Amino acid sequence: MPGYDRAELTAELKVVASPGAERTPREQVEAVRRVAGDSGLAHEAGPETTVLAGGRGEVLDAVRRVVETALDAGAHVVEVKVEAERDAERFGS
Amino acid sequence: MKLRLMVNGESRETEVREGESLLYVLRERLGLFGSKNACEQGECGSCSVYLDGELVCACLVLAGQAEGSEVVTVEGLSEGERLHPVQEAFLEAGAVQCGFCTPGLIVAAHDLLSRNSEPTEAEVREALAGNLCRCTGYEKILTAVQMAAETTP
Amino acid sequence: MTTTPTRTRPSASRTRGGIGESVGRPDGVPKVKGEFEYSSDLHVEGMLWGATLRSPHPHANIRSIYTSDAEAMAGVFAVLTHEDVPGRKVYGMEIPDQPVLAWEKVRYQGEAVALVAADHPETARLALGKIRVDYEVLEPVTDAETAMSEDAPKLHLSGNELRRVDVRHGDPEAAAEVVVEGEYEVGMQDQAFLGPESGLAIPDGEGGVDLYISTQWLHVDQDQVAESLDLPPEMVRLTLSGVGGAFGGREDLSMQIHACMLALHTSRPVKMVYGREESFHGHVHRHPAKMRYEHGATRDGKLTYVKANLIFDGGAYASSSNAVCLNAATFACGPYDVPNARIESHMLYTNNPPCGAMRGFGAVQVCFAHEAQMDKLAEKLGMDPVDLRLKNAIEPGMKFPFGQEVPYPAPVREILGRVREIPMPDEQEAMGRDLRELPGGVSNTTHGEGVRRGVGYAVGFKNIGFSAGFDDYSTARISLSIEDGEPVVRVYTAAAEVGQGLVMVQAQIARTELGVENVVVEAADTRTGSAGSTSASRQSYVTGAAVKEACEKVRERIFELVRDEFGESDELAIEDGNIISDGREIAPLMEILDDGEISEIVEFHHRATHPLDENGQGDAHFQFAFAAHRAVVEVDVELGLVRVVEIATTQDVGKVINPKALEGQIEGGIAQGLGLALMEEIRIQDGEIQNASFTDYLIPTILDMPPVKMEILELADPEAPYGLKGVGEPPTIASTPAIVAALRNATAMELGRIPVRPEHIIGIPKKPPDELPQPESSRYSGIGRLEDRRET
């Protein structure tokens, strides 16, 4: 029985790790995961991808922290996809 | 290798690969999907068929063991549109829900009634103890077999 | 049977096969002939067989996956890993946290790691053996309480707490004159549907795919499959094929994405069928629970407070654990008037198999505990256990501890009173009885010695449908036309028939509303809008209402045509294919319809529900269903073997739509409740399933299942179609605690854990004694000497 507490906002962040940076691609991804995990909103969604799901404000705040962490860790590119949840259309149409 | 056997009164011949069970051959080689694949280790009775007149779990019989044998499956119990009384009784009693156990139960009940035309409740329960059903709680199945016993000549 | 007038009066009572009749299944004949096509029976020329490589470890890092040897095998067409997932690499109904194929880490034994497509299932199996995965094995977290501790490894980024729901009601410091405490435990139950997970994916040659599948909810599958394939939903079309039982276990995905990936990759149709062992790893199970309870009451037996701490093991991934956690919190006190309550419901991630939906969904675990507590309280008060329940039974107009007003009908008092009045089975002399009618049966373990009888009662309740703010709806299209000179109604929905008989219910509603006997319920597919899930006992209500309203719209359009032709007419109705005005036939439907087709589509949404607030208060549910059970058991107290003699039950169903199908739901639900009470448990050691087969995971056979006496109440829910209530789950909820209460009654043992095992009944301690009896000791000599036993 799905459907309770479907998140208002979902942000998918993919670190395109930079091989030339001081920290290894692995370390860049790990840094992102650590900060994302601290938000309490995060799940892994692929080798380089982390998803933040929750209320609009908390997700957008966390996105900023996670992107900053990625950049600080040496990543040059972070792909961000933000989706607002639409329950009714999700299982219909 | 080649396998020849009689299935539901018809002579059939098919290519089989080593290790295939009679159940696999009936289903995937001969297109007789009535015998079901629920546990494939002889616990659930969903693949019950007659092998030379004996009630067996087709999943426990290697295809090669059936060479030259006579097999009757659930598909062989009705005559065209005319259902066997056991099949009629299962419908009438409401003994069918998802129906996955039904073919095996019908063959097993058919076997019981061919040996014992007036089984007691305890005898029905004992005879069908090797057939698992997850939907019905067995009450309607028991009723169906008792109904079939009354109508089977 | 009690009859209460229902809100809606059927307009066509004379048409055969309408609501209230034991109409037969339209799929019955093919099912008894073995011709009904289940998803494991699908076959097309040139199809390949898919197979899944699963992790042997409950917790491990994946260092590398090496596939070349498997790819090089003759007959192998594809070997896929996480790198080949085109879209979203995770899935999940509430929280997409489960990898389609694992990439760095596996979190449970049986997690999917790689896929193979080959020309024969045996080739596929051999190819799986040639895939080399280098694992770094990690210590698994195998217990929910361990997962809660600070120093437990974090299994997911945000920690191990998957969900927590608190319910605070009344005075948290309330004190009571009489207090009872208890600890209860529920093992992991499996749905054990007989038809294994299976399906056939056929690529359409234009980048899309058609999937023929066993599922409970086509659209939620479509949504998840499309996301992971990175395709628009219209390019992923799902059609329901024959479903061999479900019981919650098909609400999550199993092989859906995998088969589609293999089909699109190879451009060939791909069939996947799990074996039984794989099935145990391939679907979610019922949550194991540990529950600590404290009940306070006055000396005359009025409940003062309930405190409960519930800890559920959600396993490795979220599935529907969120909703189970909420359900458990809201039903934790039982259907009783509880003035003060403090409930904590915790759901944890562990490295055990993922748990999710199973019939009863969170209500089953807490019912076992709250009913045991009520018995304990009754004993302490010296009261009759049924009287205690009657005294505290909740009633319409009162408030549940989660703040919602109890709607009418809530006949807790009535069903309890009536179940007690059902005649008891005759007490037969145990000695000299047919062995098959004794505990142990044909195992010949007793001839009647040491057999004691016990009686136990329990009552339970549950929400129907989806709750807590979810927009729960169903879509139905009804078309009426003339075919071969006869009026025919066609019903189109995406609602999954899983064995329960929804196809009958839909047809019965259409016959009743449209007065046409020939109704065809078309195969469910994603071309019609979502019908929601076949779960939470909701389809008769929600899809039933959609079908009913669409039929009403079609009927209204016919009546417009009638008025156009005959002028204003009084009291129009359709009966048996004829238009009736004021009780007289005025024209056959055929004449009115001519060659035209009338088609209407309706999306039915039930009354809105709301999430719970931070104190666990809110109008979370829209319908409640209640059932009471009485169990009579016989126990061989020397060997701990049990025979359930009889179950009696009363259940309020609002309105009986199909009597025989209703009985089937009740009997089948009780069988699963009996299984949980006495035998069904997935045993897990260090995160690994010990009994993934029907040889070792036991479900009730026809020898285990007793006769069921039932009494059905029809108290119409004023908001529901025909007044009906969902019926599938209530039989599974209180049957388990009733059986265990009967065992306690027979043995005086505590029995705080289900399934109850023989060693619990005879009181063998968990750990062997430090010092084993020595051969010379008197204790040893007393054991197993046949001649001694013969003399006594």
Side-chain angles (χ1 to χ4, degrees), chain A residues 1-15 17 24-55 58-59 61-63 65-66 69-70 79 81-83 85-93, chain C residues 82-83 85 88-90 92-99 103-105 154 156-159 161 163 217-220 222-223 233-234 248 251-252 318-320 322-327 356-357 361-362 465-473 475 529-530 532-533 535-536 538 603 605 611-612 620:
Chain A
M1 180 158 56
Y4 295 101
D5 297 316
R6 192 170 289 286
E8 188 184 6
L9 210 67
T10 304
E12 193 179 292
L13 297 107
K14 185 171 181 185
V15 179
T24 65
R26 187 74 251 155
E27 286 169 342
Q28 295 169 30
V29 172
E30 286 300 333
V32 161
R33 284 187 183 164
R34 212 164 27 248
V35 173
D38 290 343
S39 73
L41 308 170
H43 282 280
E44 288 169 53
E48 296 90 25
T49 309
T50 304
V51 164
L52 299 165
E58 56 184 356
V59 168
D61 288 350
V63 166
R65 287 199 300 278
V66 173
T69 304
E79 293 173 5
K81 185 167 108 184
V82 178
E83 267 187 306
E85 199 50 65
R86 298 150 300 153
D87 267 343
E89 285 135 84
R90 196 178 161 86
F91 305 115
S93 67
Chain C
H82 69 90
E83 288 177 9
V85 179
R88 195 171 71 176
K89 290 184 192 294
V90 286
M93 289 184 295
E94 292 176 343
I95 303 167
D97 65 349
Q98 182 156 1
W103 56 87
E104 281 164 21
K105 191 171 261 197
K154 271 165 79 170
H156 288 269
L157 290 183
S158 294
E161 186 172 88
R163 177 83 195 262
W217 188 356
L218 286 166
H219 284 82
V220 80
Q222 180 190 34
D223 183 74
E234 60 273 17
E251 206 166 40
D252 292 80
S319 179
S320 48
N322 258 327
V324 169
C325 189
L326 180 140
N327 264 16
F361 204 81
F466 287 12
S467 303
F470 185 73
D471 181 18
D472 188 15
Y473 70 94
T475 317
S530 177
S533 180
S535 64
R538 63 180 281 288
E603 204 175 83
H605 298 248
L612 298 179

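Just so we're clear, the structure is a prediction, and the values are computed from it rather than from any experiment.
Taking all atoms of both residues into account, the shortest heavy-atom contact from A/A42 to C/S158 is N-OG, 2.8 Å.
The distance from atom CZ of A/R33 to atom NZ of C/K154, rounded to the nearest 0.5 Å, is 12.5 Å.
Comparing C/D252, C/L157, C/D472 by heavy-atom pairs within less than 4.5 Å of chain A, the highest count is held by C/L157. When A/E44, A/E12, A/R34 are compared by the number of non-hydrogen pairs under 4.5 Å with chain C, A/E44 comes out ahead. Among C/K89, C/E104, C/K105, C/E161, the residue making the largest number of heavy-atom pairs under 4.5 Å with chain A is C/E104.
Proximity to chain C (any heavy atom under 4.5 Å) is shown, for A/A53, by neither the backbone nor the side chain. Heavy atoms of A/T50 lying under 4.5 Å from chain C belong exclusively to its side chain. Looking at C/I95, the atoms closer than 4.5 Å to chain A (heavy atoms on both sides) all sit in the side chain, from C-beta outward.
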